[in-house]
Amino acid sequence: MSLRASPFVRQWLQSDGKAVTLHTGKVDIGQRISTALAQVVTEELTIAPEEIRVAPVTTAGSPDEGITSGSNSVEHSGHALRLAAATLRHWLHARLTDAEGCGPWILENGAFRREGANISHSIAGLMVSEDWSNLEVDTGATPMAPADTLPAPQMRGLKDMVRGSFTFVHDIDVPDMVHARVVRPPHARATLASVDTGTLSRLTDEGLQVIQSGNFIAVAGKGEWAIVRAAARLGVACQWARNGGLSEEDVFGALTRDNAIRRLPVVDGLPLEDEPVPAQPANPAYSQRFERPYFLHGALAPSAAFAVFRSDVLEITCHSQGIYPLRDSIADSLGLAPEKVVITHMQGSGCYGHNGADDAAFEAALVALELAGTPVLLKWSREDEHAWEPFAPAMATELAAETGPDGQVAFFSAEVFSDTHRGRPRAGPDRAGPARLLANQWRDCDVPAPTAAPNMNRHGGMHRNLDPVYTFPEKRLVKNLVGGLPHRTSAFRCLGATTNIFALESMMDTLAKQASEDPVRYRLNQMQDPRGRAVLERLSEQIALRATPPDTGGRGIAYAQYKNAMTRVGMCVDIDMADTGEVLLKDVLIVADAGRVLDRHGLIAQLEGGFIQGASIALSEEVIWDRDGILSRDWESYPVLRFDRVPQITVDLIEAQHEPSAGAGEATPGPAIAAIANALYDATGMRMTRLPLTADAILRHAAAL
Amino acid sequence: MSLRLCINGETHDVADDPDTPLIYVLRDTLKLKGTKLGCGLEQCGACAVLVDGEVRLSCVSPAGTFEGQKITTIEGVGATRAGKRVQESFVAESAAQCGYCTAGLVVAVTALLEQTPSPDPEKTRTALAPHLCRCGSHPRILKAVETAAGRS
Ligand code: FES
Ligand code: FES
């Protein structure tokens with residue numbers, strides 16, 4: 001889509017004669033995409049990274065590349081940019097040859113130099129002196145051969161981050177700006193019954209503004225701490241009708257075929273609309289159900305957004321992953337023409353999927369519209385982010401298998417159950433864009449409640465990695481979209497893959513044991529993909545060099561290729577068991593093939609970071625609630641992995657420099673969870689199938705045996 | 001009401017209510033935006049500053065309680081040799097992804113190395129446990145500590 005929407009080279013690359021500026025529609029969300037993209041330009045045009053600027057991503061001019069997600073940024077934007085830069089290089093070279101004869105021209109340090117003569121033309125200079133405004137990106141342009149000599153790029157912005165001079169959305173501070181906070185209901189079903197008028201008039205007397213529409217109520221004014229306190233006072237002044245409270249039904253009991261609003265067969269990773277669902281296998285030799293609870297993105301920084309409404313234009317600065325779809329959703333919500341809403345991306349903290357970013361942007365816009373002309377910085381509190389971000393959906397994956405005489409899988413069935421993973425505001429039926437913005441469910445407006453529709457994309461939504469990467473001769477795959485569950489859900493890093501890989505790789509572990517096979521060998525015997533085999537072979541070699549884990553501990557391995565098409569990962573996790581029942585992560589080995597490596601440090605950081613997030617999900621993360629609201633409202637009621645539980649991690653990259661680069665941001669969480677569960681099985685003989693694997697859950701499981 | 005604070009070697013007289021948590025005085029009044037708010041509950045470490053050389057969280061404690069003490073924020077950490085070395089090692093080891101936890105961690109690692117120039121990995125892990133990083137930059141950060149301690 002990147003090049004279709006933005007076919008001209010000038011839409012990707014510009015220059016002022018000195019520096020080259022790259023334009024992208026993909027945004028930095030902690031995955032260091034701007035570093036990787038600048039590296040592409042460095043490789044194609046030989047310009048040093050310091051001399052490359054990355055333009056802010058804005059709906060006023062950046063390429064529309066949809067949403068930054070699914071580890072697609074390097075493939076989409078990186079590919080488009082590489083072709084744009086290669087096209088430009090070829091074109092400039094041809095121009096020089098035309099104008100000044102065939103050199104030979106040598107391209108070095110961002111300039112064409114003629115061998116033997118003292119003539120040099122910088123690319124930045126040529127970009128200003130030549131007219132290439134109509135140059136279209138040539139999709140057949142030959143990229144530069146990968147050079148081994150380029151130094152690994154340094155992460156953009158890091159120097160400022162360590163000095164405290166990097167600006168996040170949260171740090172915006174302009175003259176006359178007011179701060180704003182939203183006062184939220186106790187839970188999603190509550191409605192505003194009344195607001196104490198005494199408090200309202202006192203707040204107004206103090207020069208603060210209270211903005212109310214239906215159940216949406218916010219306060220704005222000068223001074224951040226003053227507004228934090230005012231929001232607390234306004235919170236006390238609000239009376240809410242509880243309307244029966246949240247459903248306390250066991251969500252795992254609700255994730256069933258009976259509750260499915262859509263049930264679809266999946267073939268080769270693709271759901272089929274009009275095909276019958278194949279029958280469930282009767283009495284399979286192996287059958288097991290795997291479950292994960294609701295969990296949080298839990299961004300370190302609560303969401304924030306800046307907005308100002310002036311001269312009929314609503315300008316928003318926020319950390320949304322999809323500024324174009326968000327712009328359309330906000331414009332539709334407010335009855336504005338899309339060009340009257342301009343959204344510019346600025347970094348927030350890492351988001352790991354659809355968190356409060358888009359909702360905060362819309363809320364800032366609502367306040368800014370009321371206070372026309374006044375810049376507004378709206379922030380969520382920690383409690384807001386925990387209780388109101390769209391959660392990662394609770395899920396279940398039911399596996400069944402038959403094995404042949406050799407112990408290998410002859411028949412495989414996987415059925416997945418989940419609420420929607422698609423809560424992002426973007427245009428769709430039933431005004432899906434506006435419906436998915438939280439404040440539209442609260443304020444007075446005619447926006448309907450959001451409805452869920454199954455994701456029909458290959459490896460989309462809950463069925464991501466449902467299709468096993470192994471050569472099982474017969475497969476039955478089914479997805480069940482379950483409705484009527486208690487919480488709003490949306491995209492979290494890896495979508496359904498975490499659950500599906502946890503399930504599949506747990507099964508492989510069990511079946512390998514049953515067949516008395518080495519777990520790596522067992523997988524190799526059922527894999528054709530040569531690059532996957534190379535990863536597993538390397539894993540096996542590396543494991544042979546490791547000390548065996550202690551008697552009280554265990555070792556688990558797992559393999560996955562994200563979406564069966566991206567980065568391949570083999571993993572080995574060694575654990576020890578504490579007397580308390582807690583899993584202690586000790587040593588982790590990650591072998592990965594991500595194709596051509598653009599940003600080595602960045603790639604390793606993504607693989608390690610994915611492991612740690614996966615480990616945190618595996619060992620501790622779970623949203624809890626009761627009828628009065630969400631109980632996971634801070635880092636104590638929702639514990640996550642901290643430094644004292646971080647293991648030693650070794651990453652071994654198989655560098656396939658002649659293969660295309662594959663995104664790696666989502667490659668490790670799935671295998672991390674599976675390898676930890678497998679290590680737990682190795683250590684204790686207990687096959688745990690519901691996350692998280694807390695000390696409590698482990699002790700309860702042991703007691704029930 | 002006025003409050004006298006010594007921050008990064010300079011004296012500031014501010015008109016904030018002494019009950020205001022220090023971080024709001026730093027960020028809002030003094031425009032020192034490097035210190036980050038992650039929770040406001042003393043649970044995540046994003047807001048760490050140095051107070052007389054010790055790591056302190058700035059998101060809850062009233063600014064008034066810091067009078068007469070020497071506050072160093074991330075903006076001032078680079079002025080000491082240890083602080084500068086920590087900043088450089090974070091860059092050299094690429095010890096961040098989104099960078100939102102970075103300021104608090106640079107502050108915490110600086111204090112750690114001032115007190116224990118060569119901490120063993122267990123000590124480092126324990127010392128940094130009050131700090132969350134949701135991007136999972138921990139391994140790189142631990143490496144940066146080793147580098148700053150002159151061990152790699
Ligand atoms: S913001 Fe102070 S500890 Fe989280
Ligand atoms: S780098 Fe994002 S929270 Fe640490």
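A note on names: the letters A, B, ... follow the listed sequences, proteins ahead of strands, and every chain is numbered from 1.
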(message) Do L142(B) and F643(A) have side chains that approach each other closer than 4.5 Å (heavy atoms only, starting at C-beta)?
(response)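 Side-chain contact under 4.5 Å: yes.
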(request) May I have all residue pairs that pass salt bridge (Lys or Arg N to Asp or Glu O under 4.0 Å) and include part of residues 43-61 of chain B, sequence neighbours excluded? (result) none
(message) Show every salt bridge (Lys or Arg N to Asp or Glu O under 4.0 Å) that has at least one partner inside residues 113-137 of chain B, sequence neighbours left out.
(response)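 Matches after skipping sequence neighbours: E621(A)-R134(B).
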Is it the backbone or the side chain of [X] that comes under 4.5 Å from a heavy atom of chain A, or both, or neither?
{"X": "L37(B)", "value": "backbone"}
{"X": "A127(B)", "value": "neither"}
{"X": "V77(B)", "value": "neither"}
{"X": "L128(B)", "value": "both"}

(request) Return the option, out of G99(B), C101(B), P121(B), with the maximum number of heavy-atom pairs under 4.5 Å with chain A. (result)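 The option with the most such pairs is G99(B).
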(request) May I ask you to say whether E75(B) pairs ionically with R163(A), meaning some side-chain N is under 4.0 Å from a carboxylate O? (result)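 A salt bridge is absent here (no side-chain N lies under 4.0 Å from a carboxylate O).
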(request) Give a yes or no on whether a salt bridge exists between D173(A) and R27(B), defined as a side-chain N under 4.0 angstrom from a carboxylate O. (result) no
(request) Identify the heavy atoms of Q43(B) and W635(A) that sit nearest to each other, and give their distance. (result)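 Looking at all heavy atoms of both residues, the closest pair is OE1-N, 2.8 Å.
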(message) I need the minimum non-hydrogen distance between Q87(B) and V162(A), along with the two atoms involved.
(response)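 Heavy-atom minimum between the residues: NE2-O, 3.0 Å.
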(message) Please report the interatomic distance NZ(K159(A)) to CD(E88(B)), rounded to the nearest 0.5 Å.
(response) 9.5 Å
(request) Could you tell me which residues in residues 378-386 of chain A have at least one non-hydrogen atom under 4.5 Å from a non-hydrogen atom of chain B, sorted by residue number? (result)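 Interface residues of residues 378-386 of chain A: K379(A), R382(A).
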(request) Could you list all the ring-ring contact (aromatic ring centres under 6.0 Å, His included) pairs where at least one residue sits in residues 68-109 of chain B, not counting sequence neighbours? (result) F168(A)-Y100(B), H170(A)-Y100(B)
